[in-house]
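Along the sequence shown, residues are numbered consecutively beginning with 1.
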Amino acid sequence: MVKYGLDYTRCRWILPLLLGIGVIFGIIALAGRGWLESQTLPYVQRASLWESCRRAAGGEWMCESLMGYAWGRAAAATYLVGFILLVICFALAIIAFAIDTLRFNFIRGIGGLLFVAAVFSIMGLVIYPVKFSTEIEMTGVNMFSWAYGFGWTTAIMEICLGFFFCCLPNYEDQVLGNVKPTYFYSSP
């Protein structure tokens, strides 16, 4: 990394920073009410990971908990387990990168744990729309919206960061500056 003008001491916090952004996106997905929304008039349907709301004739929203359905509990539990694993990976990454002598085998374990978190997150993100669209009566044209998109963004970040964390130990000597750079230009 030094060869291209990037100093390791400045760049060592990029991966934990990206994990922190993934945690923020996961919080938005868990707390957001925009997993499903009506796309066209009349706007009568909205749902989150936790509840489904329908607008009554008087204009008030009537909400029903999705935790009464087995698939609702399964989708929430699997996505929540994936999020908890992501938070654990974030804490472990901060610990790993704060140590002056970086433990590269420890970093590969974080990458493996990120892949497990991605599997749980994707399971929840697949269970939700399949079972929601078959078991909940929907009115009009509906779309899976912004909070559901944040959930997928979190899952994609878990996969990509898992690859980065698993591949980083392969370049241990280059990262720590133990390899002399080779130059392709030779003076006459």
Looking at every non-hydrogen atom in both residues, tell me the closest pair between [X] and [Y] and how far apart they are.
X	Y	value
Gly34	Ser145	O-CB, 3.0 Å
Tyr79	Gly26	OH-CA, 4.0 Å
Ala155	Ser121	CB-CB, 4.2 Å
Ala147	Trp35	CB-CD1, 3.4 Å
Trp13	Ile94	CH2-O, 3.9 Å
Thr78	Gly124	OG1-CA, 3.0 Å

How long is the straight-line distance from [atom2] of [Y] back to [atom1] of [X], given to the nearest 0.5 Å?
X	Y	atom1	atom2	result
Arg55	Cys63	CZ	SG	11.0 Å
Trp61	Ser52	CH2	OG	9.5 Å
Leu86	Leu161	CG	CG	8.5 Å
Phe163	Glu158	CZ	CD	13.0 Å
Phe164	Ile159	CZ	CD1	13.0 Å
Leu18	Cys160	CG	SG	10.0 Å

Can you classify the ring geometry of Tyr148 versus Phe144 as parallel (below 30°), tilted (30 to 60°) or perpendicular (above 60°)? tilted
Would you check if [X] and [Y] make a side-chain contact, meaning some heavy-atom pair closer than 4.5 Å?
X	Y	result
Leu80	Leu49	no
Ile28	Trp146	yes
Cys89	Phe165	no
Phe106	Leu92	yes
Gln45	Ile136	yes
Ile127	Phe132	no

Do [X] and [Y] share a hydrophobic cluster (ILVMFWY, side-chain heavy atoms under 4.5 Å, transitive)?
X	Y	result
Leu30	Ile156	no
Met143	Val126	no
Leu66	Val44	no
Ile110	Ile88	yes
Val116	Ile84	yes

Quick check against the 3.5 Å criterion: does Arg73 have a side-chain atom that pairs as donor or acceptor with the backbone of Met67? yes
Are the side chain of Trp50 and the backbone N or O of Arg33 linked by a donor-acceptor pair below 3.5 Å? no
Evaluate the side-chain contact (heavy atoms from CB on, under 4.5 Å) criterion for residues Ile27 and Phe150: first the C-alpha distance (whole Å), next the side-chain angles of each, then the deciding distance (0.1 Å), finally the verdict. CA-CA 9 Å; Ile27 291 170; Phe150 273 107; over 6 Å; no
Decide yes or no on side-chain contact (heavy atoms from CB on, under 4.5 Å) for Thr154 and Leu125, but give the supporting numbers first. CA-CA 11 Å; Thr154 302; Leu125 290 166; over 6 Å; no
Residue from Glu135, Glu64, Lys131 passing side-chain hydrogen bond (donor to acceptor under 3.5 Å, both in side chains) with Tyr69: Glu64
Hey, mind stepping through Leu85 and Phe115 against side-chain contact (heavy atoms from CB on, under 4.5 Å) and telling me if it holds? CA-CA 10 Å; Leu85 289 175; Phe115 284 124; over 6 Å; no
Audit row: Leu15, Ile107, side-chain contact (heavy atoms from CB on, under 4.5 Å) steps and yes/no: CA-CA 11 Å; Leu15 290 177; Ile107 290 177; 5.9 Å; no
